[in-house]
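See structure below.
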Amino acid sequence: MRWSQMHIPTLREDPADADAPSHRLLLRAGYIRQLMAGHYSLLPIAVLVRSRVVAIIREEMARIGSQEFILPAMHPAEIWQRTGRWEGMGQEMFRLRDRKGADIALGMTHEEIFTTLALELSSYKQLPQMWYQFQTKFRDEPRPKAGLMRTREFTMKDSYSFDLDASGLDTSFDKHHDAYVRIFQRLGIPAIPVEASSGSMGGSASTEFMCPSEAGEDFVVHCTSCGYAANVEKATSRLPVVTDAPGLQAPERFDTPGARTIADLAERYDAPGERQVKTLVYVVDGKLTLVLLRGDHALMEQKLNDALAARELRPAHPEEIREALGASPGSLGGVGVTDLPIIADEALRGRTDMFTGANTDDVHLRGVSVERDITVGRWADLREVAAGEECPTCAEPLQVQRAIEVGHIFKLGYKYAEALGANVLGPDGNRIPVIMGSYGIGVERAMAAIVEGHHDDKGIVWPLSVAPFAVAVVIAQPKDEQTVALGEQVYEQLRAAGVDVIVDDRNERPGVKFRDVELVGIPFRITVGKKALSEGAVEFTERATGETRAVACADLVEEVRKAITSHG
């Protein structure tokens, strides 16, 4: 390929609206262009990288025996309605109607559609099956950002396994887990498998593959001592044992004018946060619900959503709270509330002599015993884990770090098979539902994650496995006929040897060409100039280290092969 013929519109300056390194560099290096918020065009050089990412994933899927499909991106509502997800997916699902008035969805995931195909499986003898595809997905992200990391239109490799029983699902799950480990190693992504929530997909044994990065929007809780790792949406920790005084025989009201926060009560009324019951009010599937936590703990909303299996969840509005409880936020509590469901965090179980709001503005209660005075309908782990808390496995301090989710695998169980009627004849002749797993990798997000971990102040530093080209031949003096002839000779020799190579034959100064090769991130650069003509050697530069050495023209092809092999 010739640089002069490729569309690689590099930019000299950083785009003003790009914050994440991957967003900034992919724009600057001519890989992507934004059409509108959350929608990007991949330019020719990005298509080359994407094809290499896809090839690696495809090879590892074939290695575990998974078969490739291509399914429609547009789905009839009826299938999603049968699983209950037409409403449950909320506003993130793009919905439309065709000219006949039929409800249609743009697919944000394909559990329903793959399960529909599995209806043709008739016998246990046809199991196990593992199916996958690369398909465009659509999600109406409220805040698309960071370039390819959070978009509204993207490519997903999604896999689905179909097994006869839980033991078979365990095997399929483990195969995908191991395949994902190999995929991310080959892509150059340092992904950590962590415990995670299954979210709207349902299921269990949810594992996310998280790439540590300051550009990430997720947080991983990690123990460097024993290896415990979980998404903050799922993480737990050990809390120090708290010994409370017996407290009062019954809660006692006291005036707290102007006290609206946990800090106000702690500073002015000798009520430290760990002795307060914080009361939040949520609307869960249309019903007001009280959510109780320790005053110094933060709610992890996904844990609440998972605990209640909610289809729709949001904080209640102030007017809804006042109408139900008679007070404003800051003076709320669960004591005496019997007409609303109450869910409490496990850290409150058994606590006595606590403080909480009295459901009267500027009034609180002291001497509250949680289980005696509050009608808790459900207990669950609801709090967000903080850095420094003790690991639940080994009690060492936990670390919390930003990360990018690059893959997600989980066991779907029987949810979709039962809803859509995917069953087979078992060994005993009776029909039984198949058990399913789901496994996803975001292709463009993986590209962004690679750049996040492989760049410097000059530009992108692609791993050889995904680089658009392995080698760039730079003709330093494009107006010198002998230099051009030698550069063309080197280019053709490398092409004949099967090397992915591009020749920079543009009529530009050497410095411009060097900067572009570095910005684009091609692993190796061969510079052909007048020195090569006089000394019979070219300059061979490694992008990652910046090391440059002279290589005799006669030895160049072999040296390139060695360099590629050593980085392969």
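- Using a cutoff of 4.0 Å between basic side-chain nitrogens and carboxylate oxygens, Arg495 and Glu488 are not scored as salt-bridged.
- The closest side-chain heavy-atom distance from Tyr491 to Ile475 is not below 4.5 Å.
- Judged purely by atom type and a 3.5 angstrom limit, Tyr132 has no side-chain atom pairing as donor or acceptor with the backbone of Gly440.
- No donor-acceptor pair closer than 3.5 Å links the side chain of His176 to the backbone N or O of Phe173.
- Side-chain contact between Glu195 and Tyr228 is present, with at least one heavy-atom pair separated by less than 4.5 Å.
- One N or O on the side chain of Ser161 and one on the backbone of Gly437 form a donor-acceptor pair closer than 3.5 Å.
- With hydrogens and angles disregarded, no donor-acceptor distance shorter than 3.5 Å links the side chain of Lys411 to the backbone of Leu169.
- By the 4.0 Å N-to-carboxylate-O rule, Arg28 lies too far from Asp516 to be salt-bridged with it.
- Between Phe209 and Glu405, the closest side-chain pair of non-hydrogen atoms is not below 4.5 Å.
- By the side chain to side chain donor-acceptor pair (under 3.5 Å) test, Glu59 is found to be paired with Arg186, residues two or more places apart in sequence or in another chain being considered.
- Looking at Asp158, Thr109, Thr155 one by one, the single match for side chain to side chain donor-acceptor pair (under 3.5 Å) with Lys137 turns out to be Asp158.
- Side chains of Met74 and Leu106 form a contact here, defined as non-hydrogen atoms less than 4.5 Å apart.
- By the 4.5 Å heavy-atom criterion applied to side chains, Thr83 and Leu420 are counted as neighbours.
- Taking the centre and axis of the six-membered ring of Phe514, the NZ or CZ atom of Arg525 falls inside the cone set by 45° and 6.0 Å.
- Ionic pairing of Glu111 and Lys415 is not present here: no N-O contact between side-chain nitrogen and carboxylate oxygen is shorter than 4.0 angstrom.
- Taking the side chain as every heavy atom from C-beta outward, Ser438 and Phe114 never approach each other to under 4.5 Å.
- Between Phe162 and Trp131, the angle of the ring planes lies from 30° to 60°, which puts this pair in the tilted group.
- With salt bridges taken as basic N to acidic carboxylate O contacts below 4.0 Å, one links Asp456 and Arg543.
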Requested in this report: Could you check Ser172 against Tyr439 for side chain to side chain donor-acceptor pair (under 3.5 Å), going step by step and ending with a plain yes or no?
Outcome: CA-CA 10 Å; Ser172 295; Tyr439 320 90; 5.2 Å; no

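- Within a 6.0 Å sphere centred on NZ of Lys234, other residues, nucleotides and ligands contribute 12 heavy atoms or fewer.
- Applying the ring pair (Phe, Tyr, Trp, His ring centres under 6.0 Å) test between Phe524 and each of Phe469, Phe540, Trp462 identifies Phe540 as the sole match.
- By the 4.5 Å heavy-atom criterion applied to side chains, Met210 and Gln401 are not counted as neighbours.
- The shortest distance between side-chain heavy atoms of His39 and Thr151 does not fall below 4.5 Å.
- Remark: the Glu396 side chain and the Ser225 side chain contain no N/O donor-acceptor pair separated by less than 3.5 Å.
- In terms of modelled atom types and a separation under 3.5 Å, the side chain of Tyr31 and the main chain of Val520 share a donor-acceptor contact.
- Evaluation of the side chain to side chain donor-acceptor pair (under 3.5 Å) rule for Ser159 yields Lys157 as partners, not counting sequence neighbours.
- Salt-bridge annotation for Glu559 and Arg549: present, with a side-chain N of the basic residue lying under 4.0 Å from a carboxylate O of the acidic one.
- Scored by the side chain to side chain donor-acceptor pair (under 3.5 Å) test, Thr136 finds no partners at all (sequence neighbours excluded).
- Surrounding CZ of Arg95 are more than 12 heavy atoms belonging to other residues, nucleotides or ligands, all under 6.0 Å away.
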